[in-house]
Amino acid sequence: MLLKSVLTLLPIMWLVVALTALKLPGHRACLAALVIAVVLALTLWQMPVVDCATSALEGFAAALWPIILVIIAAIYTYNLSLRTGAMEVIKRMLAGVSQDKRVIILLIGWCFGGFLEGMAGFGTAIAIPASMLVVMGMDAAPACLVCMLANAFPTAFGSVGIPTVTLSNVTGLDPMPLAFMTVVQMLPFMILVPFLMVIAGGGGVKALKGVTGLTLAAGMAFVLPQLLVAKFLGPELAVIVGSVVSLAVTLGLARMRSGKPIPAEYDMGAPAPAQDGAGKDMPPLTACLPFILIFVLLLLTSKLAPPVNGFLSTFSSSFKISTAESAGMTSFSWVNTPGVLIFIAAIIGGCAQRAGGKVMWEVFVATLKQMSKTIVTIMSVLAVAKIMTYSGMISDMANLFVTITGTFYPFFAPVIAALGAFVTGSGTNTEVLLGRLQTEAAGAIGASQFWLAAANSTGAGIGKILSPQCIATAAAAVGLTGQDSKLLAAVLKWALLMLVLACLVVGLLQGVAAML
């Protein structure tokens with residue numbers, strides 16, 4: 001039985017070896033992990049062939065709708081904004097607020113990066129802000145570092161809340177209390193990270209001098225709205241609202257201190273003038289329109305507007321795809337799903353930005369090509385998770401970890417999640433792969449399932465910024481391709497610090513979950 005439990009780790013350990021030592025592309029490594037999971041399920045766990053096949057099919061379907069749909073829609077919106085020049089307008093708007101490097105780090109890396117994670121995710125929240133910081137005069141490596149630090153904890157609500165929604169689907173937990181518990185657990189980190197960004201980007205603790213209050217305000221304004229949104233609306237808008245409020249507060253405070261002298265080592269100079277080309281004469285409101293529309297549409301169709309939400313919810317279907325005994329119904333919302341709403345906002349915004357049908361189609365086709373390998377990766381990982389769950393492999397894995405750690409398991413829960421994110425490079429994939437393990441372990445030791453599910457999100461965000469995929473994305477965005485080890489060395493000590501703190505928070509504050 002012990003050997004069997006250890007073998008449940010084989011698909012995960014394969015991914016570690018394949019992605020780090022063998023350096024296989026993610027889609028190939030995940031396809032091979034699917035083959036390993038199928039073989040184990042059919043042999044050692046004696047899962048019926050039909051159950052195995054239909055479980056994989058359920059994983060494919062759950063990946064395509066809504067996870068892949070929302071990722072494609074979000075990346076399409078961003079790509080279209082690049083094509084029309086709207087992103088350049090947004091970049092100039094942010095760059096024109098202050099010449100203080102520390103303020104710019106908070107505005108672009110923390111606030112705007114958080115907004116991009118909430119809207120699109122999938123590397124855009126690191127690649128875009130980092131490239132903006134470099135264009136404005138910041139060195140490439142520190143620019144990547146601060147943006148990777150900023151991305152760790154908003155990951156749980158990236159791509160319009162998809163990781164937490166997925167975690168809810170995988171574990172069967174109610175998404176609204178799960179989202180609230182996740183924000184509660186991450187609250188100290190959301191306040192801490194802006195300080196770490198200023199220290200890392202400014203060259204030491206001395207960089208906080210003169211901007212301590214602004215840094216604290218940026219963190220508080222980000223996390224407090226998240227608490228309210230998660231509590232009353234759920235995960236979809238949590239980071240989006242938090243980042244918008246933080247951006248407004250940080251902008252206001254930055255303008256109030258605009259007359260103060262800037263130390264020479266933090267002065268980035270005036271922003272570059274607009275160049276000829278797409279977007280040169282585009283009004284700021286038009287440039288921001290797709291993102292404004294996404295926010296409005298998501299808000300109007302949320303549970304905050306019961307008549308609209310109730311009507312659109314009728315356009316849904318539920319099917320029992322997997323024939324496994326423990327499998328439930330798989331639900332699909334055909335209209336009131338973030339991916340559809342984002343596409344609508346992108347098309348309307350694109351029209352306002354004078355992007356014709358031909359341009360929109362070209363961008364859509366290019367986005368599909370860009371995301372093709374990612375689609376294979378996500379579908380494979382979800383199929384692995386479904387097979388491992390319905391065959392009983394996840395339960396056996398949870399029993400193994402609980403046997404080893406006992407009642408101290410919560411102290412190790414973030415580490416397990418960080419390992420998963422390091423392997424997959426994705427918060428969503430980590431939720432799929434390990435979310436059920438965390439809740440089963442919680443049940444075994446009598447801990448809160450919501451608290452340990454949230455720990456999976458906390459650890460996943462930290463592990464993601466160490467992943468080869470994340471580092472490669474950041475390096476490519478700022479022209480450091482081939483210098484991945486340099487970026488890994490830069491972010492490693494900060495990530496390890498956050499992981500140790502996360503283990504202490506999850507382990508020592510278990511009682512908080514019982515009171516909420």
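Numbers here are sequence positions counted from 1.
Looking only at atom types and distance, the side chain of T458 has a donor-acceptor partner in the side chain of Q185 under 3.5 Å away.
The side-chain heavy atoms of W110 and L149, taken from C-beta on, include no pair separated by under 4.5 Å. Contact check for L216 versus M220: side-chain heavy atoms found under the 4.5 Å cut-off. Taking the side chain as every heavy atom from C-beta outward, M181 and P177 never approach each other to under 4.5 Å. By the 4.5 Å heavy-atom criterion applied to side chains, L228 and L224 are not counted as neighbours. Put simply, the side chain of C111 does not reach to within 4.5 Å of the side chain of S243, judged on heavy atoms. Between V183 and F153 the shortest side-chain heavy-atom distance does not fall below 4.5 Å. In this structure the side chain of L178 never reaches within 4.5 angstrom of the side chain of P235, judged on heavy atoms. The shortest distance between side-chain heavy atoms of V170 and L433 does not fall below 4.5 Å.
With K464 as the partner, the side chain to side chain donor-acceptor pair (under 3.5 Å) test is satisfied by one option alone out of T428, T430, N151: N151. A side-chain contact (heavy atoms from CB on, under 4.5 Å) with F157 is found for one member of V165, V239, V241, I240 and no other, namely V239.
In this structure, K101 fails the cation-pi test against Y266, since its NZ or CZ atom is not both closer than 6.0 Å to the six-membered ring centre and inside 45 degrees of the ring normal.
Partners of S457 under the side chain to side chain donor-acceptor pair (under 3.5 Å) rule, at least two apart in sequence or in another chain, are E431.
Side-chain atoms of T439 do not come within 3.5 Å of backbone N or O of Q449 as any donor-acceptor pair. Of the possible donor and acceptor atoms, one in the side chain of Q510 sits under 3.5 Å from a partner among the backbone N and O of G507. T377 places a side-chain N or O within 3.5 Å of a backbone atom of H27 that can act as its donor or acceptor partner. Checked by atom type and distance alone, the side chain of S168 pairs as donor or acceptor with a backbone atom of L173 at under 3.5 Å. Side-chain N or O atoms of W494 include none that pairs as donor or acceptor with a backbone N or O of L145 at under 3.5 Å. Under a 3.5 Å cut-off, the side chain of S98 and the backbone N or O of I104 do not form any donor-acceptor pair. For the pair T250 (side chain) and L247 (backbone), a donor-acceptor distance under 3.5 Å is absent. Under a 3.5 Å cut-off, the side chain of R102 and the backbone N or O of A207 do form a donor-acceptor pair. In terms of modelled atom types and a separation under 3.5 Å, the side chain of S380 and the main chain of V376 share a donor-acceptor contact.
Considering all non-hydrogen atoms of both residues, Q353 and P290 come closest at NE2-CD, 3.3 Å. Shortest non-hydrogen contact noted between G420 and L434 is CA-CD1, 3.8 Å. In plain terms, the two heavy atoms of I68 and I378 that are nearest each other are CG1-CG2, 4.1 Å.
The CE atom of M148 sits 8.5 Å away from the CG atom of L488 when rounded to the nearest 0.5 Å. Between atom CD1 of residue I126 and atom CD1 of residue I465 there is a gap of 7.5 Å, rounded to the nearest 0.5 Å.
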Donor-acceptor pairs are to be reported for all side-chain atoms of residues 188-201 against protein atoms at under 3.5 Å, with residues two or more places apart or in another chain.
none

Side-chain atoms of residues 405-413: list all donor-acceptor pairs with protein atoms under 3.5 Å, sequence neighbours left out, distances to 0.1 Å.
| from | atom 1 | to | atom 2 | distance (Å) |
| --- | --- | --- | --- | --- |
| T405 | OG1 | F401 | O | 2.7 |
| Y409 | OH | Q438 | OE1 | 2.6 |

Between L289 and L285, is a side-chain contact (heavy atoms from CB on, under 4.5 Å) present by the stated rule, with each step listed? CA-CA 6 Å; L289 185 60; L285 183 61; 5.7 Å; no
Going through the checks in order, is the side-chain contact (heavy atoms from CB on, under 4.5 Å) test met by M176 and L233? CA-CA 7 Å; M176 292 182 69; L233 294 179; 5.6 Å; no
After noting the C-alpha distance and the side-chain angles of W14 and L22, does the key distance pass the side-chain contact (heavy atoms from CB on, under 4.5 Å) rule? CA-CA 10 Å; W14 156 255; L22 302 180; 3.9 Å; yes
Could you go through the side-chain contact (heavy atoms from CB on, under 4.5 Å) check for I294 and L341 one step at a time? CA-CA 7 Å; I294 291 173; L341 300 174; over 6 Å; no
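For K260 and D100, the salt-bridge test fails: no basic side-chain N is under 4.0 Å from an acidic carboxylate O.
The number of heavy atoms from other shown groups lying within 6.0 Å of CZ (R257) is above 12.
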